[in-house]
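Reviewing the structure listed below.
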Amino acid sequence: QVQLVQSGGGLVQNGGSLRLSCEPSGGTDRPVTMGWFRQAPGKTRDFVAAITRNAATYYADSVKDRFTISRENAGNTVILQMDSLKSEDTGIYYCAKMIGYCSGPGCRDRRLYNFWGQGTQVSVSS
C-alpha cells in the first residue's frame, strides 16, 4: 500500500523560510508526478506546485518565484522549499502522488492525484 510520509512545516515569521519533504513508501513504481496542495481554514484544497518524472515543474501564480519544488534521494523524496513566506501562505500542506502522466493544467487538478499525505501545518505570523 502506498503511503506518503510528510515532514517539515511549523511556525515562521513573515518573510521567513520553511522546507517540506514527502517520501513515498510502498508501491513499485517511481511516481510519475508529485504535487503539493494547501488548504486554509474554511477554504478548498488548492494547487501549490508539481514536478513530473521528467522534472517539469508547475507552480500556482501566488507562489511562483518564492517556492521551489524538487526531487532528492534518487527522485524518491520530493521537497518544497518555501521562501519569502507571507501570512496568506498559512494552511495545511498536503503531498500528493499521481500515477498517470500529466502536463499543464492536468498537473494542477487535485482530482487526478491518487494518493495523499497526512498533511503538515504551516503557519506564517505577520
Side-chain angles (χ1 to χ4, degrees):
Q1 183 175 352
V2 174
Q3 289 187 323
L4 304 181
V5 180
Q6 296 182 219
S7 61
L11 174 64
V12 67
Q13 289 189 331
N14 199 30
S17 297
L18 285 172
R19 186 175 187 262
L20 304 181
S21 67
C22 173
E23 185 167 359
S25 64
T28 57
D29 298 322
R30 182 178 172 186
V32 178
T33 296
M34 296 294 292
W36 287 95
F37 292 75
R38 68 185 179 192
Q39 188 166 16
K43 296 192 176 181
T44 58
R45 189 174 299 187
D46 295 332
F47 172 76
V48 175
I51 184 167
T52 70
R53 182 162 58 184
N54 296 328
T57 57
Y58 302 89
Y59 295 94
D61 289 342
S62 60
V63 307
K64 201 173 296 184
D65 299 326
R66 299 189 297 121
F67 290 13
T68 304
I69 188 170
S70 61
R71 291 184 185 269
E72 293 181 355
N73 189 24
N76 291 324
T77 301
V78 177
I79 304 297
L80 184 68
Q81 177 64 41
M82 304 183 292
D83 298 318
S84 302
L85 282 161
K86 306 175 182 179
S87 56
E88 51 262 44
D89 294 318
T90 294
I92 300 175
Y93 283 67
Y94 295 91
C95 171
K97 171 184 174 179
M98 181 189 300
I99 296 175
Y101 177 76
C102 70
S103 63
C107 299
R108 296 177 167 86
D109 189 345
R110 68 178 185 268
R111 297 170 298 178
L112 300 183
Y113 286 80
N114 306 96
F115 303 96
W116 292 84
Q118 78 276 18
T120 300
Q121 179 67 47
V122 169
S123 299
V124 184
S125 62
S126 56

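We count residues from 1, following the sequence as given. Any value given below was found using the heavy atoms of this structure, including those in side chains, with hydrogens, waters and symmetry copies removed.
- Across all non-hydrogen atoms, the minimal contact from A50 to T33 is CB-CG2, 4.3 Å.
- Contact between C107 and Y58 at its shortest, heavy atoms only, is SG-CE1, 3.6 Å.
- Looking at heavy atoms from C-beta onward, I99 lies in side-chain contact with F115 at the 4.5 angstrom threshold.
- Summarising the geometry of G106 relative to M98, their closest heavy-atom pair is O-CE, 3.8 Å, with the distance given to 0.1 Å.
- The two residues Y93 and M82 have their closest heavy-atom pair at CE2-SD, 3.8 Å.
- Put simply, the side chain of E23 never gets that close to the backbone of V5: no donor and acceptor are under 3.5 Å apart.
- A donor-acceptor pair is defined here as one N or O able to donate and one able to accept, closer than 3.5 Å; no such pair exists between the side chain of R108 and the backbone of F47.
- Judged purely by atom type and a 3.5 angstrom limit, Y59 uses its side chain to pair as donor or acceptor with the backbone of I69.
- Using a 4.5 Å heavy-atom threshold, the side chains of F67 and L85 count as touching.
- One N or O on the side chain of R110 and one on the backbone of R45 form a donor-acceptor pair closer than 3.5 Å.
- Y94 has its side chain out of reach of L4: every pair of non-hydrogen atoms, C-beta onward, lies at least 4.5 Å apart.
- Atom-to-atom distance recorded for Q121:CD and Q39:CD is 11.0 Å, nearest 0.5 angstrom.
- Looking at T90, its side chain does come within 3.5 Å of a backbone N or O of V124 through a donor-acceptor pair.
- Nearest heavy-atom pair across M34 and C95 is CE-SG, 3.5 Å.
- Counting all heavy atoms, side chain and backbone alike, I92 lies closest to G119 at CG2-CA, 3.8 Å.
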Please output the side-chain donor-acceptor pairs of residues 10-20 that fall under 3.5 Å, not counting sequence neighbours, one pair per line with the distance.
from, atom 1, to, atom 2, distance (Å)
S17, OG, D83, OD1, 2.7
R19, NH2, E72, OE1, 3.1
R19, NH2, E72, OE2, 2.7

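- For the pair N54 (side chain) and A56 (backbone), a donor-acceptor distance under 3.5 Å is absent.
- Counting heavy atoms from C-beta on, the side chains of L80 and R38 never come closer than 4.5 Å.
- Between the NZ atom in K64 and the OG1 atom in T57 there is a gap of 9.5 Å [rounded to 0.5 Å].
- If you chain together hydrophobic residues whose side chains sit under 4.5 Å apart, I79 and V63 never meet in one group.
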